[in-house]
Amino acid sequence: MKYRGLPGLIDLQLIIPVLILLFFSLVTLFSIDVTFFQEQLVFAFLAIIVYFVCSQIDFKAWEHFSVPMYIVSFLLLLGVLFLGFESKGAVRWVSVFGFSIQFSEILKPVLALSLASFLARNQSTSKKTFFTIIAFLLPIA
């Protein structure tokens, strides 16, 4: 079944390989350490729920909210400087309700979505567009 932009349809060619990889990854973790397995199982269920929720949102809505999502995720990344704790010599993690979250991982898909939205709106290949993209990416770098 192909996703044709209609809510309620899921691309099975996308989700089935992901679920197979997830299964093998969880089995491997279970054979290594049960506590790692349990932690990743929780995150796997959360990720599947987020996938199904996000896949039902029209792509034009994502485009509409791409700039606010970029700003919020950038502010979260700045928040790591003040709220983050040091682990292995670097401050990358923030503790939220007992879970350690790396906000840079949240920023990655948001950055891709925001940049794609910008490029779709501004299809010119001028120097101004190039420097706007650099200005867009520079604060993250």
Side-chain angles (χ1 to χ4, degrees), residues 1-125 127-141:
M1 180 183 326
K2 291 283 188 179
Y3 180 78
R4 302 191 194 288
L6 299 172
L9 299 178
I10 300 297
D11 188 357
L12 293 178
Q13 292 177 346
L14 175 67
I15 193 68
I16 289 175
V18 169
L19 292 176
I20 291 170
L21 285 172
L22 178 64
F23 172 76
F24 285 121
S25 300
L26 289 173
V27 167
T28 304
L29 279 176
F30 184 78
S31 69
I32 294 171
D33 188 0
V34 177
T35 57
F36 286 149
F37 167 77
Q38 292 170 341
E39 184 177 307
Q40 291 304 310
L41 186 63
V42 170
F43 286 121
F45 281 124
L46 288 174
I48 290 169
I49 291 168
V50 168
Y51 167 76
F52 282 115
V53 169
C54 291
S55 69
Q56 300 307 307
I57 299 172
D58 187 24
F59 72 94
K60 291 181 182 179
W62 288 114
E63 184 178 352
H64 180 71
F65 290 110
S66 64
V67 174
M69 288 189 323
Y70 172 81
I71 293 169
V72 167
S73 61
F74 179 71
L75 292 174
L76 287 173
L77 196 60
L78 283 177
V80 172
L81 295 173
F82 304 106
L83 304 173
F85 61 88
E86 186 175 336
S87 175
K88 298 182 182 178
V91 179
R92 297 182 198 141
W93 299 86
V94 175
S95 181
V96 178
F97 300 116
F99 291 104
S100 297
I101 298 176
Q102 197 171 9
F103 286 135
S104 62
E105 294 300 319
I106 295 170
L107 183 69
K108 289 176 187 178
V110 170
L111 185 62
L113 179 69
S114 299
L115 186 58
S117 175
F118 173 77
L119 290 173
R121 278 185 262 130
N122 302 313
Q123 296 183 358
S124 70
T125 56
K127 289 181 182 179
K128 179 183 176 189
T129 303
F130 174 75
F131 287 114
T132 304
I133 292 169
I134 296 299
F136 185 76
L137 297 174
L138 195 59
I140 305 303

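What you see is a predicted model, and the numbers here were worked out from it, not measured in a lab.
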Any donor-acceptor N/O pair, Ser114 side chain to Leu111 backbone, under 3.5 Å: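 Not at all, since once roles are kept as given, no pair shorter than 3.5 Å links the two residues.
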What distance separates [X] [atom1] from [Y] [atom2], expressed to the nearest 0.5 Å?
X      : Y      : atom1 : atom2 : result
Gln40  : Asp33  : CD    : CG    : 11.0 Å
Leu107 : Glu105 : CG    : CD    : 9.5 Å
Leu29  : Ser31  : CG    : OG    : 7.5 Å
Leu113 : Phe65  : CG    : CZ    : 12.0 Å
Leu76  : Gln102 : CG    : CD    : 13.0 Å

Which heavy atom in [X] sits nearest to a heavy atom in [Y], and how many Å separate them?
X      : Y      : value
Thr132 : Phe118 : CG2-CZ, 3.4 Å
Phe24  : Thr28  : O-OG1, 2.8 Å
Leu26  : Phe37  : O-CD1, 3.2 Å

Hey, are the side chains of [X] and [Y] touching, using non-hydrogen atoms and a 4.5 Å cut-off?
X      : Y      : result
Arg121 : Ser66  : yes
Tyr51  : Ile15  : yes
Val72  : Val110 : no

Parallel, tilted or perpendicular, as decided by the 30° and 60° cut-offs, for the rings of Tyr70 and Phe136: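 Phe136 vs Tyr70 ring planes: parallel.
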Within 6.0 Å of CZ in Phe23, more than 12 heavy atoms from elsewhere: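 Counting neighbours around CZ of Phe23, 12 or fewer heavy atoms of other residues, nucleotides or ligands fall under 6.0 Å, so no.
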Phe43, CZ: over 12 other non-hydrogen atoms inside 6.0 angstrom: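 Yes - once you tally the heavy atoms of other residues, nucleotides and ligands closer than 6.0 Å, there are more than 12.
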Ile133 and Leu119: CA distance, side-chain angles, deciding distance, side chain to side chain contact (heavy atoms under 4.5 Å, CB included) verdict: CA-CA 9 Å; Ile133 292 169; Leu119 290 173; 3.4 Å; yes
